Amino acid sequence: MTGLREKFAEAFDIGVSLGGRLPDDYTPAEIALIDAQFSVVTPENCMKPNAIQPREGEFTFAQADALVAFAAAHNKRMTGHCLVWHEVCPAWFFLDGEAPASRELVLARMRTHIHTLAGRYRGHLMGWDVVNEALDDDDGYLRDTAWRRAIGDDYLVQAYRLAREADPDCDLYYNDYGNEMPAKREKTLRLLAELADAGIAVPAVGIQGHWVLDQVPFDEIDAAITTFAATGRRVMITELDLSILPWGKSAGNPYPDGCPAEILARQAEQYAALFRLFLRHRDVITRVAFWNPHDGRSWLNSFPYNRTNYPLLFDRQCQPKPAYAAVMAV
Ligand code: 9MR
C-alpha cells in the first residue's frame with residue numbers, strides 16, 4: 001500500500017510523534033500503520049526533562065533507548081524533543097535545598113542535562129528542539145519561565161551552545177505553537193536574529209500546527225512560512241492535528257461513540273487545503289509531522305479535559321478516515 005510517506009516523498013518527510021514504549025505498547029495494526037505511513041519519528045514524551053532526569057543525577061533512558069532502537073529497526077529517522085521546556089521540568093532543577101538555586105548552579109545542571117541527553121543520542125537524531133515554546137503568549141517577548149528567572153534572558157543562547165557542543169552535527173531547531181500568527185511570528189524572527197548574533201545557527205523553524213476545525217488560519221500559515229523562509233531557513237510542521245472540538249471546557253463530550261460524517265467531511269476538506277498549502281511551499285518545508293499516529297492515541301482525548309476527539313487521519317482501528325483520502329488526492 002502506498003502511504004503518506006511515499007506519496008509525499010519528493011516534497012517533504014511525513015513524521016509522527018510516538019508515546020509509550022515501542023514496540024511493546026503498540027498493536028500489530030499500529031506498527032503496520034507506522035511502517036506504511038511515516039518516515040520520521042518524534043518522541044512524544046520520553047525525552048522530556050521529567051522523563052529523562054526525574055531526580056538530579058538519576059537518568060532514565062529505557063523508553064528513549066527503546067524508541068531509538070525501534071526507529072532504527074523500522075527505517076525511520078528521528079528528531080529529538082526537547083532539551084529545555086518550561087513544562088514537565090522537575091522543580092529540583094531550580095532549587096538549592098529550599099532556596100532558589102543560583103544562576104551558576106542552574107547553568108551547571110542545564111549543561112549536565114543537555115550534554116548527557118544529546119550526547120547519548122548523538123548520531124541518531126536529525127535535529128533537536130532545543131528550547132521549546134520560549135515565546136510569550138501575551139505582550140511580552142520571552143515567556144516567563146523558571147529557566148529564565150534562574151539564568152536570565154541568555155538562557156536560550158546557553159542552551160543552544162550546549163546542544164551544539166553535545167551533538168556537533170545535528171540541526172538545532174526552534175519549535176513553538178501559534179507562531180504562524182503575526183505577534184509570535186515577529187518574536188520568532190527576533191529570537192532567531194538574537195541567536196544568530198550569538199553565533200548560533202538555527203536552520204529550521206517548527207510551526208506546531210495544533211489547529212481547530214473551521215478555525216485554521218490558512219492565510220497566516222502561508223505568510224508565516226514565507227516569512228521564515230525569507231530568512232533563509234527551512235520550515236517544519238511539527239505537531240499537526242485538527243481538533244473537531246473547540247479549545248476549553250465548554251464543549252463537553254458530544255461524540256463519545258463516533259464522529260458525524262458531516263464533520264469528517266469538513267475535516268477532510270480542511271486537511272486537503274492544508275496539504276495543498278504545504279505543497280505550494282515544498283521547496284522550503286522539509287517535514288510535516290502529525291502529533292500521534294491515530295485518533296485513539298491523540299493527546300486531544302485528554303487535554304484540556306477527557307473527551308473523545310477525532311483530530312488525525314486514521315481512526316481508532318487504524319483505518320483511514322475521509323481526511324486521509326482527501327490528503328492522498330491533493
Ligand atoms: O502530547 C504530549 C502529552 O502526552 C504530554 O502529557 C504533554 C506534557 O508533556 O505534552 C504533549 O506534547 C506537547 C509537546 O511536547 C509540545 N507541544 C504541545 C504538545 C501538546 O501539548
Side-chain angles (χ1 to χ4, degrees), residues 8 11-17 42 79 81-82 85-87 127 129-143 156 171 173-195 202-248 266-267 269-292 298-300 303-304 311-313 323 327 330:
F8 293 100
F12 35 68
D13 289 325
I14 299 290
V16 68
S17 76
T42 302
T79 63
H81 175 84
C82 46
W85 193 25
H86 62 285
E87 284 194 41
D129 294 334
V130 179
V131 181
N132 199 41
E133 302 172 0
L135 297 172
D136 191 44
D137 286 322
D138 301 315
D139 294 339
Y141 165 44
L142 295 178
R143 186 190 292 276
L156 285 131
D171 284 338
Y173 305 135
Y174 181 70
N175 179 54
D176 211 330
Y177 61 85
N179 52 355
E180 68 276 14
M181 303 309 279
K184 244 190 213 182
R185 213 150 80 199
E186 291 310 310
K187 295 177 205 181
T188 304
L189 293 177
R190 176 173 166 189
L191 176 59
L192 295 170
E194 289 179 5
L195 289 170
V202 177
V205 181
I207 297 174
Q208 291 185 2
H210 294 295
W211 290 309
V212 173
L213 191 68
D214 301 330
Q215 298 171 34
V216 182
F218 291 103
D219 292 345
E220 306 293 6
I221 298 166
D222 196 48
I225 296 169
T226 302
T227 303
F228 296 146
T231 70
R233 292 180 173 84
R234 295 174 272 123
V235 175
M236 311 166 299
I237 307 299
T238 51
E239 305 186 12
L240 181 59
D241 45 28
L242 197 40
S243 174
I244 63 133
L245 300 169
W247 293 112
R266 252 171 32 238
Q267 183 184 50
E269 278 167 25
Q270 291 170 35
Y271 257 121
L274 273 172
F275 272 77
R276 280 194 295 273
L277 191 166
F278 298 155
L279 281 177
R280 283 202 302 279
H281 291 284
R282 58 190 287 173
D283 51 331
V284 296
I285 294 181
T286 53
R287 173 168 50 111
V288 175
F290 293 87
W291 204 245
N292 308 123
S298 172
W299 71 293
L300 291 166
F303 181 91
L312 296 163
L313 299 191
V327 165
V330 300

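Please read these numbers as outputs of a predicted model, since none were measured by experiment.
Every residue two or more places apart in sequence or in another chain that forms a side chain to side chain donor-acceptor pair (under 3.5 Å) with T238 is listed here: N175. Contacts of D171 classified as side chain to side chain contact (heavy atoms under 4.5 Å, CB included), with partners at least two apart in sequence or in another chain: Y173, P203, R234. Residues meeting the side chain to side chain donor-acceptor pair (under 3.5 Å) test with T231, sequence neighbours left out: R233. Scored by the salt bridge (charged side-chain N to carboxylate O under 4.0 Å, His left out) test, D176 finds K184 as partners (sequence neighbours excluded). Residues satisfying the ring-ring contact (aromatic ring centres under 6.0 Å, His included) test with F303, not counting sequence neighbours, are W299. Residues meeting the salt bridge (charged side-chain N to carboxylate O under 4.0 Å, His left out) test with E194, sequence neighbours left out: R190. Residues meeting the salt bridge (charged side-chain N to carboxylate O under 4.0 Å, His left out) test with E239, sequence neighbours left out: none. Taking P182 as the reference, R185, E220 meet the side chain to side chain contact (heavy atoms under 4.5 Å, CB included) condition, with sequence neighbours excluded. The side chain to side chain donor-acceptor pair (under 3.5 Å) test applied to S243 returns N309, not counting sequence neighbours.
Under the 3.5 Å distance criterion, the side-chain polar atoms of R143 are matched with a main-chain donor or acceptor of E133.
Applying the salt bridge (charged side-chain N to carboxylate O under 4.0 Å, His left out) definition to pairs two or more places apart or across chains, none involves residues 203-213.
The distance between the ring centers of H210 and W247 does not fall below 6.0 angstrom.
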Side-chain donor-acceptor pairs under 3.5 Å in residues 273-290, sequence neighbours left out?
from	atom 1	to	atom 2	distance (Å)
H281	NE2	D222	OD1	2.6

